[in-house]
Structure formats: C-alpha cells, structure tokens
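Comments concern the structure below.
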Amino acid sequence: MTFDLTPEQDQLRDAVRALGRRYGHGYFVEKAKAGEHTTELWAEAGRLGYLGVNIPTEYGGGGGGITDLAIVCEELAAAGCPLLLLVVSPAIAATVLTRHGTEEQRKRHLPGLADGSQKIVFAITEPEAGSNFHRLGTVARRDGDGWLLNGRKCYISGVDEAGHVLVVARTEDAGTGKLKPALFLVPTDAAGLTRSKLDMEIVSPENQFLLYLDDVRVPADALLGESLDAGLPALFAGLNPERITVAAMGAGTGRYAIERASEYTATRKVWGGRSIGSHQGVSHPLAHAAVQVELARLMIQKAATLYDAGRDLEAGVSGNMAKYAAGEAAALAVDTAVQVLGGAGMTTEYGVATLLGAVRAGRIAPVSREMILNFVAQHVLGQEKSY
C-alpha cells in the first residue's frame with residue numbers, strides 16, 4: 001500500500017497549484033460579485049490540458065483517471081478558486097460520454113471538453129422529485145425520427161456557459177410500457193428550452209437555473225448511447241466521479257481556509273507580544289479542522305484509486321464516504337477560520353467568509369449528508385432500507 005502520487009501526478013499538482021495561485025481567491029470573488037465567469041482561468045486550464053486529464057488521449061485528453069481530475073479540483077480550490085463546473089463538465093459529462101456515448105458522440109464532444117472550448121452541464125434534479133430518477137417528471141416521447149422532451153429541472157449549474165445540457169428524462173419501454181431513464185444531449189439554444197436564474201446566497205461565478213422543457217425536439221442521435229438500454233448505466237456512470245470531485249473541491253476549500261487562518265493567527269499579536277495562535281483556544285480548533293480535512297483527503301484518494309481500478313461498487317461506498325467527510329470538514333474549516341480571525345473573518349479582504357455559503361451547500365448537494373448516512377447504513381451496516 002502506498003499513499004504516494006506518481007511523479008506525473010506530483011507535477012500536475014504543482015502545476016495546477018501555481019496556476020490557481022496566479023489567479024487566486026480575489027479574482028474568484030471579483031468575478032462572482034460582478035456577475036461574470038472565470039473565463040480566463042477556465043481557458044488557461046484547458047489550454048494547459050488540466051480540464052481533460054481524465055479524457056482518453058484519442059479524444060485530446062490526458063489519458064488519466066479521476067485521481068488526476070480530483071487533483072485539479074482540489075488544487076484550484078486550495079488556491080481559492082473552487083470551480084463547480086469541473087465537477088459537472090469533465091467529471092460527469094465527459095465520463096458518461098466516454099463510457100456510454102456513441103463513437104460519433106465522443107468524437108463530437110470530448111475534444112472540446114478536453115481543451116475547455118466546450119462545456120456540457122447536467123440536468124437531473126427536479127422541483128418535486130429531487131434527484132430520485134424513479135420519480136422524475138421529465139418525459140421523452142418518440143416523435144417521428146426524433147424525440148420530444150417535456151419537463152422541469154432545478155438547480156442546474158452553468159447552463160449560461162454551456163453549449164449542451166445532458167438531460168435525464170424517462171422514456172416508455174415499448175415491451176413493458178414502464179418508464180425507464182434515458183439521457184439526451186440537448187443544445188442550450190434548442191427551441192422550447194428556456195431558463196430562469198435562481199438567486200443563491202453563495203458567492204460563486206457559476207450560476208444556478210430552473211430549466212423548462214416545452215416540446216423540445218431533438219434528433220435521434222441526441223439520445224446518449226446506442227440504445228435506450230444505455231440510460232441507466234450511463235446515469236450511474238457519472239455518480240462516483242461526481243462524489244469524488246465534489247469531495248476534492250471541498251477538501252481544497254478546507255485547506256485554503258486553514259492556510260489563511262493559520263497565516264493570520266501566527267502573526268496577529270494582541271496580548272503581551274504573543275501571537276494569538278500561541279493560545280490553545282485558537283490553535284486547537286484549527287488543528288482539529290486540519291485533521292478532519294486530512295482524513296477526508298485520505299478517503300478521497302481511496303475512492304479515486306478504487307474508481308480508476310474499475311472497482312465501481314467499492315468506489316461507490318468510498319466515494320459517498322469521501323463526499324460526506326469532505327463536506328463536513330470543509331464547513332468546519334471555513335467556520336473555524338472565520339471564528340479565529342474574529343471581525344476580520346467576516347470581511348471580503350480576508351477571503352474566508354466568502355466561502356461560507358458554498359461549504360454549507362456542500363453538505364446538501366449533490367447528495368445530502370442524510371442520504372449518504374442512509375446509504376452507509378444500508379450497504380455497509382446491512383440495515384433495512386428506511387425510505
């Protein structure tokens with residue numbers, strides 16, 4: 001057993017860290033408050049190959065795995081630039097396309113995802129069903145040689161930045177008459193697809209939307225995969241990469257907050273010339289948060305390693321645990337950083353309170369801590385399903 005990265009992964013971590021620090025949290029917050037996107041950072045990360053590290057080389061990617069993409073997510077977040085669309089586009093959409101898309105779909109979309117010139121966002125969550133695909137109300141029906149989509153989606157990230165949205169809908173199985181999930185690549189400018197921006201109490205350059213699909217017609221080749229049978233495995237294909245990269249972003253955010261707080265408490269002097277960090281009431285909470293973040297990082301590494309080894313069931317357990325641990329650790333780290341900085345912690349200048357909304361959301365999305373506990377109770381502890 002080894003906890004060491006490969007030399008190439010070490011180089012990737014160092015390079016992404018350097019890129020993130022050149023932009024920094026000030027850039028991230030400035031873009032968010034101006035209602036703009038981190039276009040320059042995204043473009044440079046794509047040009048340098050960081051957005052496509054998990055995409056096969058034949059489609060312009062780096063040929064690595066989710067371990068590599070998790071490094072990118074963590075290091076940008078550790079530099080104060082937690083980019084949610086890294087989870088949505090390279091982690092979810094690119095993985096689903098790589099595993100279950102047709103060859104034509106892979107050739108059409110993966111090179112752009114790899115170099116950052118294209119973004120594909122993901123739409124599963126609905127106002128009534130949440131992300132429970134058994135109860136989704138969005139339905140796709142055959143219409144000649146194409147499909148008609150109708151439904152509603154909510155909390156869909158980055159639609160205003162993307163060329164396509166990967167929509168999860170339900171189709172009728174001709175044999176059984178039952179509805180089954182299917183995924184469709186829908187252009188964001190398609191007729192009948194409209195959106196409404198959700199105002200969120202989160203400082204982020206990436207926006208959330210309600211989507212309305214009213215008789216959105218797409219051609220036959222918009223259906224992801226060779227047939228309707230690809231729908232369910234394609235849907236599940238994106239879950240583990242999503243959990244792992246969200247966790248990595250949370251761990252990076254926790255590292256950023258602890259680093260900012262540690263720098264402040266090591267130099268801030270109030271009583272008798274001693275730094276406030278010399279007092280255990282200040283240093284112990286920070287040390288505790290640092291321990292929790294490091295424990296989360298270990299679970300992330302385990303989950304990513306299992307996933308890249310093709311051990312999906314085990315990666316599912318570890319990925320959920322990693323997401324839970326990182327969500328809790330990031331929220332603790334940011335809250336602790338605000339507390340030890342005192343009044344300075346609530347200012348924009350010191351750059352920690354600006355993350356409070358995001359880390360709180362990380363305990364809810366993309367799957368809540370309670371649903372992860374349900375999962376662990378059922379699949380690890382052997383308890384009866386409670387919902």
Side-chain angles (χ1 to χ4, degrees), residues 3 5 10 13-14 16-29 32 70-84 86 202-204 244-270 274-302 304 321-363 369:
F3 296 99
L5 298 175
D10 275 327
R13 186 180 291 283
D14 291 342
V16 175
R17 180 186 299 120
L19 172 66
R21 288 184 173 179
R22 273 202 290 111
Y23 285 86
H25 191 59
Y27 163 84
F28 181 88
V29 171
I71 290 170
V72 176
C73 292
E74 181 182 347
E75 290 306 322
L76 286 179
C81 299
L83 300 186
L84 179 58
L86 281 171
I202 299 174
V203 178
S204 173
I244 294 166
T245 50
V246 164
M249 190 168 65
T253 301
R255 285 173 50 204
Y256 166 82
I258 292 168
E259 181 179 348
R260 294 288 291 170
S262 298
E263 290 173 352
Y264 180 87
T265 56
T267 56
R268 172 73 166 159
K269 296 179 180 180
V270 179
R274 298 178 64 186
S275 69
I276 62 173
S278 67
H279 298 277
Q280 293 177 353
V282 173
S283 63
H284 281 191
L286 275 177
H288 173 65
V291 169
Q292 301 309 305
V293 169
E294 190 62 22
L295 290 173
R297 294 182 73 207
L298 288 172
M299 185 54 76
I300 294 163
Q301 186 173 355
K302 177 180 180 181
M321 289 183 172
K323 193 273 170 187
Y324 180 98
E328 298 298 302
L332 174 66
V334 172
D335 186 68
T336 302
V338 170
Q339 188 68 26
V340 300
L341 265 69
M346 294 304 297
T347 66
T348 301
E349 177 187 355
Y350 282 88
V352 286
T354 44
L355 294 165
L356 281 169
V359 295
R360 188 60 186 85
R363 300 174 72 205
R369 63 193 299 276

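Fair warning: this is a prediction, and the values are worked out from it, not measured in the lab.
The residue from V338, D335, T336 that alone fulfils the side chain to side chain contact (heavy atoms under 4.5 Å, CB included) condition with V352 is V338.
The closest side-chain heavy-atom distance from I71 to L5 is below 4.5 Å. Contact annotation: the side chain of P82 approaches that of F28 to within less than 4.5 Å [non-hydrogen atoms, C-beta and beyond]. With contacts defined as side-chain heavy-atom distances shorter than 4.5 Å, the pair S283/T265 does not qualify.
A donor-acceptor pair is defined here as one N or O able to donate and one able to accept, closer than 3.5 Å; no such pair exists between the side chain of T347 and the backbone of G343. In this structure, K323 contributes its side chain and G362 its backbone to a donor-acceptor pair below 3.5 Å.
Atoms OG1 and CD1, on T354 and I202 in that order, are 12.5 Å from each other to the nearest 0.5 Å. Going from atom CD of E74 over to atom CG of L76 covers 10.5 Å, rounded to the nearest 0.5 Å. One finds the OG atom of S275 at 11.5 Å from the CZ atom of R268 (value rounded to the nearest 0.5 Å).
In this structure, A257 and A337 approach most closely via the heavy-atom pair O-CB, 3.6 Å. When every heavy atom of A261 is checked against every heavy atom of L341, the shortest pair comes out as CA-CD1, 3.5 Å. Between A247 and A322, the closest heavy-atom pair is CB-O, 3.5 Å. The heavy-atom pair separating A32 from S204 by the smallest distance is CB-C, 3.4 Å. A329 and A296 get closest at one heavy-atom pair: CB-CB, 4.4 Å. In plain terms, the two heavy atoms of A353 and M346 that are nearest each other are CB-CA, 3.8 Å.
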side-chain contact (heavy atoms from CB on, under 4.5 Å) assessment of I300 paired with I244
CA-CA 6 Å; I300 294 163; I244 294 166; 4.2 Å; yes
One pair to check against side-chain contact (heavy atoms from CB on, under 4.5 Å): E328 and Q292. What are the steps and the verdict?
CA-CA 8 Å; E328 298 298 302; Q292 301 309 305; over 6 Å; no
Start with the C-alpha distance between R297 and R255, add both sets of side-chain angles, then the distance that settles side-chain contact (heavy atoms from CB on, under 4.5 Å), and finish with yes or no.
CA-CA 10 Å; R297 294 182 73 207; R255 285 173 50 204; 4.0 Å; yes
Applying side-chain contact (heavy atoms from CB on, under 4.5 Å) to T253 and V334, what does each step give before you reach the verdict?
CA-CA 8 Å; T253 301; V334 172; 4.2 Å; yes
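In this pair, Y264 and Y350 present their aromatic rings perpendicular. The plane angle is above 60°, beyond the 30 to 60° band.
Using a 4.0 Å cut-off between charged side-chain N and carboxylate O, E75 and R21 make no salt bridge. Using a 4.0 Å cut-off between charged side-chain N and carboxylate O, R17 and D14 make a salt bridge.
Taking a 6.0 Å sphere around CD of Q339, one finds it holds 12 or fewer heavy atoms contributed by other residues, nucleotides or ligands.
Residues forming a ring-ring contact (aromatic ring centres under 6.0 Å, His included) with H279 (at least two apart in sequence, or on another chain): W271.
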